[in-house]
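From a predicted model like this one, the values you see are computed outputs, not experimental measurements. Residue numbers count from 1 along this sequence.
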Amino acid sequence: MKSTHSQAAQQIKSELKAAFPTVKFSVKSDSFAGGDAVRIRYEDGPTTKQVDEIVGKFQSGSFNSQEDLYEYDNRKEDLPQVKYVQVARDKSEAKKAEVMEMIGITTETENEWFADFRCYGSELVWRKFSTIDFTA
């Protein structure tokens with residue numbers, strides 16, 4: 001019988017593939033002394049908010065740092081759940097260049113932006129990138 005975390009990863013991968021068929025997702029599950037997790041990584045594609053809307057139901061709760069405890073506040077008896085679901089979206093160089101062009105940073109001025117604004121230009125690119133759905 002498969003572990004709960006591997007069942008969750010399998011179902012997450014299936015749902016992401018159905019929602020975003022052109023995007024390649026890496027979905028890995030892990031168990032450790034404090035619980036279990038599913039880690040999702042992909043390049044470009046949908047926003048992390050769009051992915052979170054699909055995978056959030058697979059996380060059984062959240063960590064309350066004020067009281068230093070994990071609260072099981074999202075239990076779903078009909079789903080395999082894990083303690084943590086982590087989503088990481090990488091940006092390809094092509095999409096980074098596309099976003100830089102959108103906000104007016106050229107490859108010639110990129111070094112100036114990043115040096116003059118102490119990586120403010122890089123933050124601008126990341127903020128803009130995080131709002132764009134590249135699957136549309």
Side-chain angles (χ1 to χ4, degrees):
M1 180 171 205
K2 281 189 172 183
S3 64
T4 303
H5 61 278
S6 64
Q7 289 176 31
Q10 185 177 18
Q11 196 162 338
I12 287 170
K13 184 142 186 147
S14 175
E15 289 193 25
L16 289 173
K17 189 173 185 169
F20 308 105
T22 61
V23 179
K24 184 178 186 222
F25 290 93
S26 168
V27 181
K28 307 226 185 243
S29 65
D30 189 22
S31 68
F32 43 88
D36 47 17
V38 172
R39 292 175 181 84
I40 303 156
R41 184 168 218 101
Y42 63 102
E43 187 174 82
D44 303 333
T47 66
T48 54
K49 183 178 178 185
Q50 290 171 293
V51 173
D52 284 337
E53 287 172 1
I54 293 170
V55 304
K57 63 188 173 196
F58 292 96
Q59 183 167 309
S60 59
S62 57
F63 185 74
N64 178 337
S65 60
Q66 288 189 331
E67 296 182 40
D68 195 27
L69 58 88
Y70 190 87
E71 296 177 341
Y72 291 91
D73 52 10
N74 192 40
R75 287 266 191 202
K76 310 263 189 264
E77 295 302 323
D78 59 331
L79 285 175
Q81 290 185 299
V82 293
K83 234 176 166 178
Y84 303 101
V85 175
Q86 300 166 328
V87 177
R89 180 186 191 201
D90 300 319
K91 60 181 177 286
S92 66
E93 287 300 315
K95 294 300 181 190
K96 177 184 171 191
E98 192 177 312
V99 171
M100 285 172 57
E101 185 178 322
M102 284 179 196
I103 60 177
I105 300 174
T106 65
T107 51
E108 292 80 32
T109 62
E110 177 181 7
N111 288 335
E112 292 172 27
W113 264 90
F114 295 172
D116 290 349
F117 295 99
R118 295 190 185 108
C119 293
Y120 182 63
S122 181
E123 184 178 332
L124 284 176
V125 171
W126 184 252
R127 284 180 189 232
K128 182 69 174 174
F129 177 84
S130 69
T131 67
I132 299 171
D133 174 3
F134 289 106
T135 62

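Rounding to the nearest 0.5 angstrom, the gap separating the CZ atom in Arg39 from the CD1 atom in Ile12 is 12.0 Å. A distance of 9.0 Å separates OH in Tyr84 from OG in Ser60, rounded to the nearest 0.5 Å. The structure places CD of Gln50 at 8.0 Å from CZ of Arg89, a figure rounded to the nearest 0.5 Å. Expressed to the nearest 0.5 Å, how far CD of Glu15 lies from CD of Gln10 amounts to 11.5 Å. Rounding to the nearest 0.5 Å gives a distance of 11.0 Å between CD of Glu101 and CD1 of Ile103. Rounding to the nearest 0.5 angstrom, the gap separating the OG atom in Ser92 from the CD atom in Glu98 is 8.5 Å.
The shortest side-chain heavy-atom distance between Gln86 and Ile40 does not fall under the 4.5 Å cut-off. Proximity of Ile132 to Met102: side-chain heavy atoms (C-beta onward) are separated by under 4.5 Å at one or more points. Residues His5 and Asp30 are not in side-chain contact: their nearest non-hydrogen atoms beyond the backbone lie 4.5 Å or more apart.
No path of Ile, Leu, Val, Met, Phe, Trp and Tyr side chains, each step under 4.5 Å between heavy atoms, connects Tyr72 with Leu79, placing them in separate hydrophobic clusters. In the hydrophobic clustering of this structure, Phe32 does not group with Val85; members are Ile, Leu, Val, Met, Phe, Trp, Tyr whose side-chain heavy atoms approach within less than 4.5 Å, directly or through other members. Tracing side-chain contacts under 4.5 Å through hydrophobic residues (I, L, V, M, F, W, Y), one never reaches Phe134 starting from Ile54; they form parts of separate clusters. Hydrophobic clustering (ILVMFWY, side-chain heavy atoms < 4.5 Å, transitive): Met100 and Phe129 are in one cluster.
A donor and an acceptor atom, one from each side chain of Asn74 and Ser62, are nowhere located under 3.5 Å apart.
Contact detail for Phe63 and Asp68: the closest heavy-atom pair is CZ-OD1, 3.1 Å. Looking at every heavy atom in both residues, Ala9 comes nearest to Ser29 through CB-CB, 3.8 Å. In plain terms, the two heavy atoms of Ala8 and Pro80 that are nearest each other are CB-O, 3.5 Å. Residue Pro46 comes nearest to Val23 through the heavy atom pair CD-CG2, 3.8 Å, listed as atom of the first residue, atom of the second, then distance. Scanning both residues, Glu71 and Asn64, for their nearest heavy atoms gives OE2-ND2, 2.9 Å.
Counting only distance, with no hydrogens or angles, the side chain of Asp36 and the backbone of Lys83 share a donor-acceptor pair below 3.5 Å. Between the side chain of Gln81 and the main chain of Lys57, a donor-acceptor pair closer than 3.5 Å is present.
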Between Lys28 and Val38, is a side-chain contact (heavy atoms from CB on, under 4.5 Å) present by the stated rule, with each step listed?
-> CA-CA 6 Å; Lys28 307 226 185 243; Val38 172; over 6 Å; no
Give the intermediate values and the outcome of side-chain contact (heavy atoms from CB on, under 4.5 Å) for residues Gln11 and Gln7.
-> CA-CA 6 Å; Gln11 196 162 338; Gln7 289 176 31; over 6 Å; no
Derivation of the side-chain contact (heavy atoms from CB on, under 4.5 Å) call for Trp126 and Val99 | CA-CA 9 Å; Trp126 184 252; Val99 171; over 6 Å; no
Begin with the C-alpha distance, continue with both residues' side-chain angles, and end with the deciding distance and a verdict on side-chain contact (heavy atoms from CB on, under 4.5 Å) for Phe20 and Phe25.
-> CA-CA 9 Å; Phe20 308 105; Phe25 290 93; 3.9 Å; yes
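Around NZ of Lys91, the count of heavy atoms belonging to other residues, nucleotides or ligands within 6.0 Å exceeds 12.
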